[in-house]
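Just so you know, residue 1 is the first one in the sequence shown, and it goes up from there. All ligand and atom numbering here is 1-based and tracks the order in the structure.
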Amino acid sequence: MNIDWSNLGFGYMQTEYRYVSNYKDGKWDDGELTKDSNVVLNESAGVLQYAQTCFEGMKAYRTEDGRVVCFRPDLNAQRMVESCKRLEMPVFPEDRFIDAVKQVVKKNIDFVPPYGSGATLYIRPYMFGTNPVMGVKPADEYQFRIFVSPVGPYFKGGIKPITLRVPDFDRAAPLGTGHVKAGLNYAMSLHAIVDAHNQGYNENMYLDSATRTKVEETGGANIIFVTKDNKVITPKSGTILPSITRRSLMYVAKHYLGLEAEEREIKIEEIGNFKECALCGTAAVLSPVGKVVDHGKITEFPSGMEKAGEITQKLYDTLTGIQMGRIEAPEGWIYEIEPVKAAV
Ligand code: PLP
Ligand code: COI
């Protein structure tokens, strides 16, 4: 495979196979792998008119001893069930989701980046309404697909700290869809991210839209903070996406690093008390935040703009160590895709 793995960014690269299953007359078909990367839809398909779509994101990793593994895909399958229910879409069975992930990764095994290259294979399951709709109502027919793409770091520079700003836009309403992975959450964040980039910031730190006093998350990742006494804290909110990376990091903090870890409401006005901040997610992994700008009020974390803070680095090393097989994983976190094979 002639790919410059170490210089990959986070982008789409077409691979050989993808998985497709169609829902019609109240049931899913058997599903199949195909080489056809195009989707042809009716002009009035539910997804095109009313954005009836949701997705997931996870990764496959090449371990030190050459195996290919996937990290907690059962939780992605579960979260997609929640997204589908909220969007009035049919549920794709969790066991079939995991099986389909394994099939696609196996068929594209040569696209799994080598151990140590800094790249991984991103896995993107998604579902959308396919039949024509005109009145505002759910579609009757759907397609579930999974494609994969080798990716590098989400933020250029990898583990170099980034700057966030508190935007004048909200991400999620109190009883809205912020807690599920609906495409619409991302469509409405595009203006805010373009605006942030135009003003020189890497990402938006959204506040809760009801009171605009509490930290929520960014457009594509949850947030963790480290207090001066080394406690790992993360916002508790019903309107943020329940990140699998964040849940895993909280476990790692407690059970691997012996730190206290707590999910609680975090006021924007208290972030100056913290010594470290980082974004966490499948794509972001754990990206250190050096600075937050809230309308002229600048918070610079003591960890600075040059490197990750000490606790962030330990969390990063432990989590990625688990994912890449250097550190023993908790029971049930690692799904084998392919047993030992020489690294490509
Ligand atoms: N929050 C948002 C809005 C996201 O898009 C993502 C990415 O999936 C996350 C958080 C992180 O979730 P996870 O760790 O499950 O990838
Ligand atoms: C992921 O981390 O899997 C996501 O879906 C986030 C997105 C911004 C790429």
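When the side chains of ILVMFWY residues are joined at heavy-atom separations under 4.5 Å, either directly or via intervening members, I266 and L207 end up in a single hydrophobic cluster. Both V252 and F71 are part of a single hydrophobic cluster, where members link through side-chain heavy atoms under 4.5 Å apart.
Within a 6.0 Å sphere centred on NZ of K160, other residues, nucleotides and ligands contribute more than 12 heavy atoms.
At a 4.0 Å heavy-atom cut-off, the residues surrounding ligand 2 are F10, F55, G57, Y122, R124, Y154, K181, G220, T282, A283, listed by chain and number. A heavy-atom cutoff of 4.0 Å around ligand 1 is satisfied by the protein residues R79, R171, K181, Y186, E217, T218, G219, G220, A221, N222, L241, S243, I244, T245, C280, G281, T282.
Remark: of the listed residues E216, R171, K214, E216 is the sole one forming a side chain to side chain donor-acceptor pair (under 3.5 Å) with T239. Test F97, Y126, W28 against F92 for ring-ring contact (aromatic ring centres under 6.0 Å, His included) and you get one pass: W28.
Residue pairs meeting the ring pair (Phe, Tyr, Trp, His ring centres under 6.0 Å) criterion with at least one member in residues 277-326: none, sequence neighbours excluded.
Y50 forms part of a hydrophobic cluster together with V133, V136, judged by ILVMFWY side-chain heavy-atom separations under 4.5 Å.
A salt bridge does not link R326 to D317: none of the charged nitrogens lies less than 4.0 Å from a carboxylate oxygen.
Closest non-hydrogen pair, A172 versus S209, comes out as O-OG, 2.7 Å.
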